[in-house]
Amino acid sequence: MTLLGLTGGIGMGKSTSDKLLRDRGVAVVDTDLLARQIVEPGQPALAEVQHAFGRQIVGSDGRLRRDELARRVFADPAARNELEAILHPRIRQLWRAQVEAWRAESRPLAAVVIPLLFETKAETDFDATICVACSAPTQRERLLARGWSDEQIAQRLSAQWPPEKKMAKADYVIWTEAGLDVHATQLDRILPNFRLH
């Protein structure tokens, strides 16, 4: 099985690439979804996060207050490192287990979407890496459209490598400045390098 690692800056088109890969029959796991699952009520990671960041980080409904946690960890690199130490090993364990399940099914091609792929030194797990990127003004426009403030955008961007650094390390780059059809065309140029069936 060929395993692809898909990464890119926030708001640069990873979710679109994820959907396009699935549409083409590629098995995909998104680590952002895994990150949400491991902090659901009753999960050990939620208890650890609460222990590290205080009871007020969990709402009266027993669910993680994501906005409050984000506000704290993106304003404080030490807090972000503490959170990542709780979450990242669990997330890696889950996606690796999924990959092993796909290998057992003899899937020809699979992909893992990891926003911090290079930052967490996960690239050695993959046969090839794809970085999804766009210009800084387009990224900013997309994040503003999500309702993010300038401060939130600046904090998120400072938590990730600059796109140029990710692009330089990746085996392939998909430039998402144009529309969906251009994004799809670029992906369709990359995929024939790997066995799909």
Side-chain angles (χ1 to χ4, degrees), residues 5-18 28-98 112-126 129 131-134 136-167 169-170 176:
L6 183 79
T7 193
I10 194 155
M12 290 196 162
K14 292 184 300 298
S15 297
T16 301
S17 282
D18 177 327
V28 182
V29 61
D30 182 348
T31 59
D32 274 348
L33 296 181
L34 298 180
R36 288 178 178 274
Q37 288 168 17
I38 63 172
V39 291
E40 285 291 314
Q43 292 291 328
L46 180 60
E48 266 194 64
V49 170
Q50 188 172 11
H51 179 75
F53 294 95
R55 296 212 345 238
Q56 68 281 11
I57 215 75
V58 174
S60 56
D61 58 356
R63 304 188 78 80
L64 181 65
R65 294 176 58 204
R66 295 180 180 285
D67 52 345
E68 176 61 21
L69 184 61
R71 190 182 65 74
R72 289 176 51 185
V73 301
F74 286 108
D76 178 359
R80 195 175 77 243
N81 289 340
E82 190 175 2
L83 179 66
E84 288 175 351
I86 296 168
L87 302 184
H88 285 177
R90 287 181 166 94
I91 294 167
R92 188 173 287 213
Q93 194 177 2
L94 286 173
W95 69 253
R96 281 180 168 165
Q98 179 60 75
V112 183
V113 183
I114 308 182
L116 301 178
L117 190 149
F118 295 119
E119 292 89 330
T120 58
K121 299 180 172 51
E123 64 267 29
T124 54
D125 280 271
F126 299 97
T129 54
C131 178
V132 183
C134 64
T138 298
Q139 179 187 34
R140 180 179 155 69
E141 206 174 284
R142 290 174 184 172
L143 296 178
L144 288 170
R146 291 184 188 180
W148 289 23
S149 69
D150 288 333
E151 185 187 17
Q152 286 173 314
I153 293 171
Q155 288 175 342
R156 296 303 200 286
L157 296 185
S158 71
Q160 297 188 345
W161 280 12
E164 298 76 20
K165 193 171 175 185
K166 292 185 189 232
M167 287 162 64
K169 280 201 71 119
T176 66

Hey, what do you get for [atom1] ([X]) to [atom2] ([Y]), rounding to the nearest 0.5 Å?
{"X": "Leu117", "Y": "Trp161", "atom1": "CG", "atom2": "CH2", "answer": "9.5 Å"}
{"X": "Ile57", "Y": "Leu46", "atom1": "CD1", "atom2": "CG", "answer": "10.0 Å"}
{"X": "Glu123", "Y": "Lys169", "atom1": "CD", "atom2": "NZ", "answer": "4.5 Å"}
{"X": "Thr31", "Y": "Leu87", "atom1": "OG1", "atom2": "CG", "answer": "11.0 Å"}
{"X": "Ile114", "Y": "Lys14", "atom1": "CD1", "atom2": "NZ", "answer": "11.5 Å"}

Result of checking Leu69, Val73, Ile38 against Val49 for side chain to side chain contact (heavy atoms under 4.5 Å, CB included): Leu69

Non-hydrogen side-chain atoms of Gln37 and Gln43 separated by less than 4.5 Å: no

Close side-chain approach of Gln98 to Val112, heavy-atom, < 4.5 Å: no

Search all heavy atoms of [X] against all heavy atoms of [Y] and return the closest pair with its distance.
{"X": "Ala159", "Y": "Phe74", "answer": "CB-CE2, 3.7 Å"}
{"X": "Ile91", "Y": "Ala35", "answer": "CD1-CB, 3.7 Å"}
{"X": "Met167", "Y": "Ala133", "answer": "SD-CB, 3.7 Å"}
{"X": "Phe53", "Y": "Ala79", "answer": "CZ-O, 3.4 Å"}
{"X": "Ala170", "Y": "Cys131", "answer": "CB-CB, 3.6 Å"}
{"X": "Ile86", "Y": "Ala45", "answer": "CG2-O, 4.1 Å"}

Check against side-chain contact (heavy atoms from CB on, under 4.5 Å), Thr7 and Thr129: CA-CA 8 Å; Thr7 193; Thr129 54; 5.8 Å; no

Any donor-acceptor N/O pair, Lys166 side chain to Val132 backbone, under 3.5 Å: no

Set of side-chain hydrogen bond (donor to acceptor under 3.5 Å, both in side chains) partners for Arg72, sequence neighbours left out: none

Contacts of Arg80 that satisfy side-chain hydrogen bond (donor to acceptor under 3.5 Å, both in side chains) - sequence neighbours left out: none

May I have all residue pairs that pass salt bridge (Lys or Arg N to Asp or Glu O under 4.0 Å) and include part of [range], sequence neighbours excluded?
{"range": "residues 49-62", "value": "none"}
{"range": "residues 145-164", "value": "Arg140-Asp150"}
{"range": "residues 28-48", "value": "Glu40-Arg63, Glu48-Arg90"}

All side chain to side chain contact (heavy atoms under 4.5 Å, CB included) counterparts of Leu157, not counting sequence neighbours: Ile10, Gln139, Ile153

Thr138 vs Thr176, side-chain contact (heavy atoms from CB on, under 4.5 Å): CA-CA, chis, key distance, verdict: CA-CA 9 Å; Thr138 298; Thr176 66; over 6 Å; no

